[in-house]
Each structure stands twice: as C-alpha cells, then as structure tokens.
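The structure appears right after this line, and notes come after that.
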Amino acid sequence: MSLRDKLMEILPDLLPLREEDAIKGTELIAKVRAVLGATYSDRSLRSQFSFIALEPDSCLARVENGQGYYLRQEEAPPSLQHMFESEVDATRSGNDPQHKALALAVRLYDTAGMGVFVFPPEPESWEHPDLVAVQWPAGSTDAAGTYIFAEDAPPEAHLRAVCVETATDAESTRKAFFRTLACSPGAQQAELLLIGPAPENAQELAQLAALYGVGIRCISAPPEALEELPRADEIFRAEAAEAAGLLAEFAPVTLAHPRHRQHPTLPADYMPAMAAAQQWAQSCLSKGRVEAYELRVAVN
C-alpha cells in the first residue's frame, strides 16, 4: 500500500472536525508516526499532506490563508455555536428567544450527563426533532477528557428525540406535541420541552402524553425572563456548574415521563435526518468511547 493510501485510511481518525481546531503539520506528523512508525521522513509526509489537501474529494483540508489541517466534510454541518455568534444580525443570533430556549435545552440535558446531538435549526421541522439526547453506557472520563465505556457495560445507547417550544397557547402546544410524536420514530423515547409560562392546556397535554408515551417537561420562564438571560452563545459555552446554576433559577415541572421503547419503531431510512444521530451513536459504541460530533456533544 502506498503512503498516500495509508494516509487516506488513517487521517479521518486523526484530524479535528472543525477548522478552528485545526492542527499544524508538525502535530499531524506526530499523530501519523504514532500509527505508521518512523518509516517516512518529515519531508515525505509534508509533501503528501500538501498534495492530498489539494484534492477536493480528499479527507484533508488546509486552513485557507493560514496554517493547519482539519477533516474536510462533504457538506460542513452548521455549527449551533457559530449560529449564535453570527454578527450579521444580532436579533437573529444570540438574543433570539428561540435560540436562548434551544441553548437552555442543550444545557438541561448535557448537565444531566447525556450526550446532545443538535440538528441544524429549522422552524418547526417535522422531519427531525430539535435535538437528540443520548444516554450512554456506564463508563468514566480518562485523563484527556474522553468518556470511555466500561468494558462490562451493555453496548447500547438510548436516544431521546426532543422538540423545544416557547409558545404556550393551546393550539401551539398541541401542534408541538404531535410534531414531537412525528419526529420520534428513530429514537427510543420522545419528549416535548416547553420553555415559557405554564401551558394553559396542561391537563390535555398530560392525557395525550399518557396515550402516546411522549414525555413533557416545562421550564417556567416568562418572556421577560428569557430576555434577561445571557446570550444563547454564552449559555451554550458556560461551564457545567454555571449552566446548572442558571437552570436552577427556573422550576422544571414534569407533566409526563417518556415511555421507553426497547428499539426505535421505524428503521433509520424512514427519517434520513435521524439517521445521522443514530449513526453517530453507533459509531461511538463500536469504538467504546464518545467521539465529539460537530454540533454538540457532552458526557457525564
């Protein structure tokens, strides 16, 4: 096997996913040597990096007008954090109430020890939930901060499809409930997270939840409270203790617990968007550790 072919095989596991985390050639050479040994010179490796990076279909991308390499995505997934940090329109970035609600939702699950897969934001998508919260097998965090599954832990992860809603009138919450139900076949659980004043049709929602097995949680946050919250990107990046303190200021109320299904009710190809979350979880399980996904991942 040629050096190029060897590099094409191992580089996807060595390169960072995001351009802002790009590593310099020296560091990449060290990573390659840890796998291939000292057979090839620095010059040979650097030369191959340069040629591979010029190939539009290769896995290796070089920072434009800068130094460093990262993993080229076929279609770079939108970053939730980048969306929050947009300087084009402050109203549509970190100060948007829906963005703040989504950031709160992410921190609600990740501070509870669950991995979080966030989908590119779309208004009321019926093809995928707003996020998927993942309960990993038992394990521990190593010195590098990677969550490693225990050897005797069952090799399975449980996915919870979550939709986030800020409106609280009966029609909107009813619609959000059925959107949550529609977006959940690819997961073992479904949950509607309402952020705002207590819903006016709470009893109706609880009855629907009992009928269909959808969990419902409410975070009491009136519109003025959302306005006073830090920007969404600040909530998103806050340390775990700080995020937990912020969530403690509200009073989460559980209207219904999600009903657990041993297996998703429909295969991944029924909802292609959900397949991305499923494939990421399965990849982590097969490797025995949680590998960071571009949009958001947190562990215990």
Task: Side-chain donor-acceptor contact under 3.5 Å, Y212 with Q207 - done: no
Task: 4.5 Å side-chain heavy-atom contact, P199 and L205 - done: yes
Open item on the list: Side chains of Y40 and V32, heavy atoms from C-beta outward: is any pair under 4.5 Å?
Closed with: no
Task: salt_bridge(D169, R174) N-O dist < 4.0 Å - done: no
Task: Partner of V106 by side chain to side chain contact (heavy atoms under 4.5 Å, CB included), out of D130, T111, L131 - done: L131
Task: Non-hydrogen side-chain atoms of Q278 and L159 separated by less than 4.5 Å - done: yes
Open item on the list: For D42, is there an ion pair with R33 - N to carboxylate O distance below 4.0 angstrom?
Closed with: yes
Open item on the list: Is there a side-chain contact between R160 and P129 in this structure, where contact means two heavy atoms from C-beta onward sitting under 4.5 Å apart?
Closed with: no
Open item on the list: Test side chain to side chain donor-acceptor pair (under 3.5 Å) on R4 and S58; report intermediate values, then the result.
Closed with: CA-CA 11 Å; R4 180 191 178 283; S58 77; over 6 Å; no
Task: Heavy-atom check, side chain of L194 versus side chain of T166, under 4.5 Å - done: no
Open item on the list: With rounding to the nearest 0.5 angstrom, report the CZ to CD1 distance, R217 to I195.
Closed with: 10.0 Å
TODO: Please round to the nearest 0.5 Å and tell me the distance separating atom CD1 of I29 and atom OH of Y69.
DONE: 8.5 Å
TODO: Kindly give the heavy-atom pair with the smallest separation between L285 and P137, and that separation in Å.
DONE: CD2-CG, 3.7 Å
Task: Donor + acceptor pair across side chains of H260, Q189 (<3.5 Å) - done: yes
Open item on the list: Any non-hydrogen side-chain atom of E191 less than 4.5 Å from a side-chain atom of Y109?
Closed with: yes
TODO: Kindly compute the distance separating CG (N201) from OG1 (T173), expressed to the nearest 0.5 Å.
DONE: 3.5 Å
TODO: Take S220 and V253 through the test side chain to side chain contact (heavy atoms under 4.5 Å, CB included) and record every step on the way to the result.
DONE: CA-CA 8 Å; S220 180; V253 175; over 6 Å; no
Open item on the list: Go through it in stages, so that I can follow the logic: the residues are V134 and M114, the test is side chain to side chain contact (heavy atoms under 4.5 Å, CB included), and I'd like the CA-CA distance, side-chain angles, deciding distance and then a yes or no.
Closed with: CA-CA 5 Å; V134 184; M114 302 180 79; 5.8 Å; no
Open item on the list: With a 4.5 Å cut-off on side-chain heavy atoms, are S140 and F149 touching?
Closed with: no
Open item on the list: Let me confirm one number: the CG-NZ distance from L36 to K31, rounded to the nearest 0.5 Å.
Closed with: 13.5 Å
- [ ] Indicate whether any N or O donor in one side chain lies under 3.5 Å from an N or O acceptor in the other, for S184 and R179.
- [x] no
Open item on the list: Within this structure, what is the CG-SG distance for the pair L192 and C183, rounded to the nearest 0.5 Å?
Closed with: 11.0 Å
Task: Smallest separation among heavy atoms of R259 and A209, with atom names - done: NH2-O, 4.3 Å
Task: Student check: side-chain heavy atoms of T180 and V162 closer than 4.5 Å - done: no
Task: Gap separating the CD atom of Q48 from the CG atom of D5, nearest 0.5 angstrom - done: 9.5 Å
Open item on the list: Checking S44 against S41: is there a side-chain donor and acceptor pair closer than 3.5 Å?
Closed with: yes
